[in-house]
2 protein chains.
Amino acid sequence: MDDETLSRILKAAGDTTRRRILTLLVQEGALRVTALAAHFDMSLNSVSKHIKVLEEAGLVTRRTVGREHFIAAELEPLKVTEAWFGDLKSIWELRLEALEELLVAKDDDNAPTGNARSGTARNGTA
Amino acid sequence: MDDETLSRILKAAGDTTRRRILTLLVQEGALRVTALAAHFDMSLNSVSKHIKVLEEAGLVTRRTVGREHFIAAELEPLKVTEAWFGDLKSIWELRLEALEELLVAKDDDNAPTGNARSGTARNGTA
DNA sequence: AATATATTCAACCATAAGGGTGAATGAATG
DNA sequence: CATTCATTCACCCTTATGGTTGAATATATT
């Protein structure tokens with residue numbers, strides 16, 4: 001997955017209006033631009049621009065039928081993003097496990113202060 | 001959870017440099033500002049500012065000891081954010097289930113086109 | 001053909017974001 | 001006490017963002 005893509009997704013999701021749009025689409029299915037705009041105290045144009053941002057991030061797709069544009073949420077980017085956060089958590093937990101092992105191994109040498117979470121790695125704790 | 005908070009977290013995570021900082025911290029534990037900056041082709045000042053953004057989003061905490069500031073990743077906001085994406089997926093799946101039920105119920109009336117995913121709700125498909 | 005509807009495009013404005021530099025602050029060290 | 005080191009603060013610049021309005025485009029409707 002492109003790092004640039006992830007940035008676009010997160011930036012798109014970083015705006016309240018856009019998150020609300022996404023939520024609306026997810027719970028109500030595809031909606032027209034006007035229908036979406038009706039939910040917001042904001043010009044239709046602005047909503048249209050927000051949709052464009054979501055579209056460029058791949059969070060939303062557009063199906064044009066006649067003069068009406070139906071906007072639908074896209075599930076895949078959500079998974080990808082969730083995965084990034086999940087990976088980060090995994091690395092974290094792996095490192096914590098390693099730390100704990102170290103502490104347990106040293107247990108008879110010097111009694112550690114406990115609390116592996118604040119007593120961080122080779123750099124952190126003085 | 002505050003919506004504003006979520007926005008700050010996602011905006012903070014939306015920048016590549018900041019994601020790299022987070023990753024570094026998660027895999028190496030707490031690091032000094034200078035140590036972090038060494039990884040980037042960018043002024044120390046800029047990195048310092050990125051750290052501040054992460055800090056304001058709660059993604060990172062600072063422990064100052066003497067003249068050195070140790071920056072550590074914070075796990076909790078990651079969970080919250082992951083949860084937001086997860087919730088969205090859940091709503092999505094719930095709605096799809098409901099749609100499938102509808103389709104199955106109508107099965108003898110008129111043979112549907114199948115494909116519940118593109119044939120969206122009451123608004124979408126013409 | 002004329003008009004109304006749905007949507008985008010273009011230009012504009014204010015403010016935020018991301019980067020840089022130089023000075024200021026605070027702590028260690030000779 | 002002067003100096004070096006670690007970091008932030010203040011200011012500047014350029015570009016992006018979120019919002020506005022008015023015009024343009026494309027499709028329906030009468």
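Protein chains get the first letters and strands the later ones, always in sequence-line order, with residue 1 at the start of each.
- Salt bridge A/E82/B/K89: present, at least one basic N to carboxylate O contact under 4.0 Å.
- A close approach under 4.0 Å does not occur between any side-chain nitrogen or oxygen of A/S46 and OP1 or OP2 of D/dG18.
- Taking atom CG of residue A/L44 and atom C1' of nucleotide D/dA23, one finds them 15 Å apart after rounding to whole Å.
- When side chains are defined from C-beta on, A/E74 counts as touching A/T61, because their heavy atoms get closer than 4.5 Å.
- A single hydrophobic cluster is seen to contain both B/L88 and A/L54, as judged by linkage of ILVMFWY side chains at heavy-atom distances under 4.5 Å, directly or through other members.
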Polar-atom pairs under 3.5 Å, protein N or O versus N or O of nucleotides 25-29 of chain C: list them with distances, or write none.
none

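- The main-chain N or O of A/A12 is found under 3.5 Å from a side-chain atom of A/R18 such that the two form a donor-acceptor pair.
- The side-chain heavy atoms of B/F70 and B/L31, taken from C-beta on, include no pair separated by under 4.5 Å.
- Atom CG of A/L54 and atom P of D/dG18 are 10 Å apart (whole Å).
- Sequence order on DNA chain D of the closest nucleotides to A/T17 and B/N45 puts B/N45 first from the 5' end.
- DNA chain C is contacted by no residue of residues 3-13 of chain A, taking any non-hydrogen atom closer than 4.0 Å.
- Within 3.5 Å, a donor on the side chain of B/K49 pairs with an acceptor on the base of C/dG19, or the reverse.
- A donor-acceptor distance shorter than 3.5 angstrom exists from the side chain of B/S7 to the backbone of A/G14, with no hydrogens or angles considered.
- A straight line from CD1 of B/I51 to C1' of D/dC9 spans 15 Å, rounded to a whole angstrom.
- Checking C/dC9, C/dG19, C/dA6 against the side-chain heavy atoms of A/K52 singles out C/dC9 as nearest.
- In this structure, the CG atom of B/D41 is 15 Å from the C1' atom of C/dG18, given to the nearest Å.
- The side chain of B/S43 contributes no N or O atom lying less than 4.0 Å from OP1 or OP2 of C/dG19.
- The side chain of A/S48 places no N or O atom within less than 4.0 Å of a non-bridging phosphate oxygen (OP1 or OP2) of C/dT7.
- Considering only side-chain atoms of B/M42, the nucleotide from D/dA6, D/dG18, C/dG19 that sits closest is C/dG19.
- The listed nucleotides are C/dG18, D/dT20, C/dT7; the one nearest the side chain of A/T34 is C/dT7.
- For C/dG18, the OP1/OP2 oxygens have a side-chain nitrogen or oxygen of B/R18 closer than 4.0 Å.
- Within the 4.5 Å cutoff, the side chain of B/L75 has heavy atoms near those of the A/W92 side chain.
- Under 4.0 Å is where a charged nitrogen must lie from a carboxylate oxygen, and between B/E4 and B/R8 at least one such pair does.
- A distance-only check finds a donor-acceptor pair linking the side chain of A/T23 to the backbone of A/R19 [under 3.5 Å].
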